[in-house]
Structures are given as C-alpha cells and as structure tokens.
Amino acid sequence: MEFLPFIVIIVLFYFLLIRPQQKRAKEARELQLNLQPGDRVMLTAGLFGTVTEVEETTTNIKVEIADGVVIQVVRQAVAQKVTEAPAEDSDESDDESGEKTEVEATADETSADAENVIVDLDKKD
C-alpha cells in the first residue's frame with residue numbers, strides 16, 4: 001500500500017503527458033509520409049508553400065514558396081497541411097466610409113513593391 005501513490009502518479013503521468021505526445025508524433029509522421037505534389041503546407045520555419053516534388057528515395061521534398069522559387073527541405077520540416085481560407089468580401093476590408101484604412105493601404109503598397117524585386121541567385125559577391 002505504500003507504493004500506491006507512486007503508481008497512481010506514474011499512470012497519470014503516462015496518460016497526461018506521454019500518450020498525447022506519442023499521438024502527436026504519430027500524426028506528424030503520417031502527415032509527412034503522405035505528402036503529395038500540390039499539397040499546401042506550412043513549414044516549421046513558418047514558410048507557406050506548395051509541394052511540387054516528393055522524392056521517394058530520400059527524405060527530401062521540394063516546396064514552391066513563391067512563383068518560380070522552389071526550395072528543397074526534409075519532410076520533417078513540414079509542420080502541417082494548410083487549407084485555403086475562403087476569400088473575404090472586399091466590402092468587409094473597407095471601413096464604413098468606403099475608404100481603406102492606413103494599415104491596409106500600406107500593406108498594398110508593400111506587396112506592390114515586393115512584386116518588383118528581382119533576385120539574381122547566380123550572382124556571387
């Protein structure tokens with residue numbers, strides 16, 4: 001009877017900590033093994049992209065993070081699959097007066113500037 005509290009603590013520890021962690025690890029492993037080209041994913045670094053190629057012989061996959069920008073990552077870098085959120089009505093983004101807020105206007109200008117950036121990856125300093 002002296003060991004009963006210790007046994008109860010061990011059982012609680014298993015069901016509250018170890019088992020849920022094993023379940024999450026199993027789900028992540030299944031997700032990473034079932035990746036297909038065209039899947040929209042979020043990487044552990046926070047990057048979003050689309051799987052373009054799955055190499056069956058290695059643990060690597062290729063993910064397109066922008067138009068024409070494909071990076072090679074290990075499968076374990078995939079944190080989750082992402083489903084596209086439905087587009088919001090443009091009426092909701094404008095405030096009641098029909099004008100865009102300053103933050104939205106700044107974000108539009110920034111995205112317009114970002115489209116004009118050209119990066120030469122072959123150039124070496």
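None of the values given here were measured: they were computed from a predicted structure.
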>> Rounded at 0.5 Å granularity, tell me how far CZ in R29 sits from CD in Q22.
In response: 9.5 Å
>> Could you report the tightest heavy-atom contact between L43 and V78, atom names first, then the distance?
In response: CD2-CG2, 4.0 Å
> Roughly how far, to the nearest 0.5 Å, is the CD1 atom of I9 from the CZ atom of F3?
Replying inline: 13.0 Å
>> Testing the basics here: between K81 and N34, what is the closest heavy-atom pair and its distance to 0.1 Å?
In response: NZ-O, 4.1 Å
>> Same cluster or not: L12 versus L4, using hydrophobic residues (I, L, V, M, F, W, Y) connected whenever any side-chain heavy atoms lie under 4.5 Å apart?
In response: yes
> Can you name the closest pair of heavy atoms from K62 and E55 and give their distance?
Replying inline: CE-OE2, 3.8 Å
> Do you reckon V82 sits in the same ILVMFWY cluster as I61, going by side-chain contacts under 4.5 Å, direct or chained?
Replying inline: no
> Which value, rounded to the nearest 0.5 Å, describes the distance between Y14 atom OH and I18 atom CD1?
Replying inline: 7.5 Å
> Side-chain heavy atoms under 4.5 angstrom apart, residues restricted to Ile, Leu, Val, Met, Phe, Trp, Tyr: same cluster for I65 and V51?
Replying inline: yes
> With the 4.5 Å side-chain cut-off for hydrophobic clustering, are I7 and F15 part of the same group?
Replying inline: yes
> Rounded to the nearest 0.5 Å, how far apart are CG of D39 and OG1 of T52?
Replying inline: 11.0 Å
>> Under the side chain to side chain contact (heavy atoms under 4.5 Å, CB included) test against R75, which residue among V54, N60, L31 passes?
In response: V54
> Between I71 and M42, is there a shared hydrophobic cluster once you connect ILVMFWY residues whose side-chain heavy atoms come closer than 4.5 Å?
Replying inline: no
> Step by step, would you call V63 with T50 a side-chain contact (heavy atoms from CB on, under 4.5 Å)?
Replying inline: CA-CA 5 Å; V63 177; T50 304; 5.8 Å; no
>> Looking at R19, I want to see if its CZ is surrounded by more than 12 non-hydrogen atoms of other residues, nucleotides or ligands under 6.0 Å.
In response: no
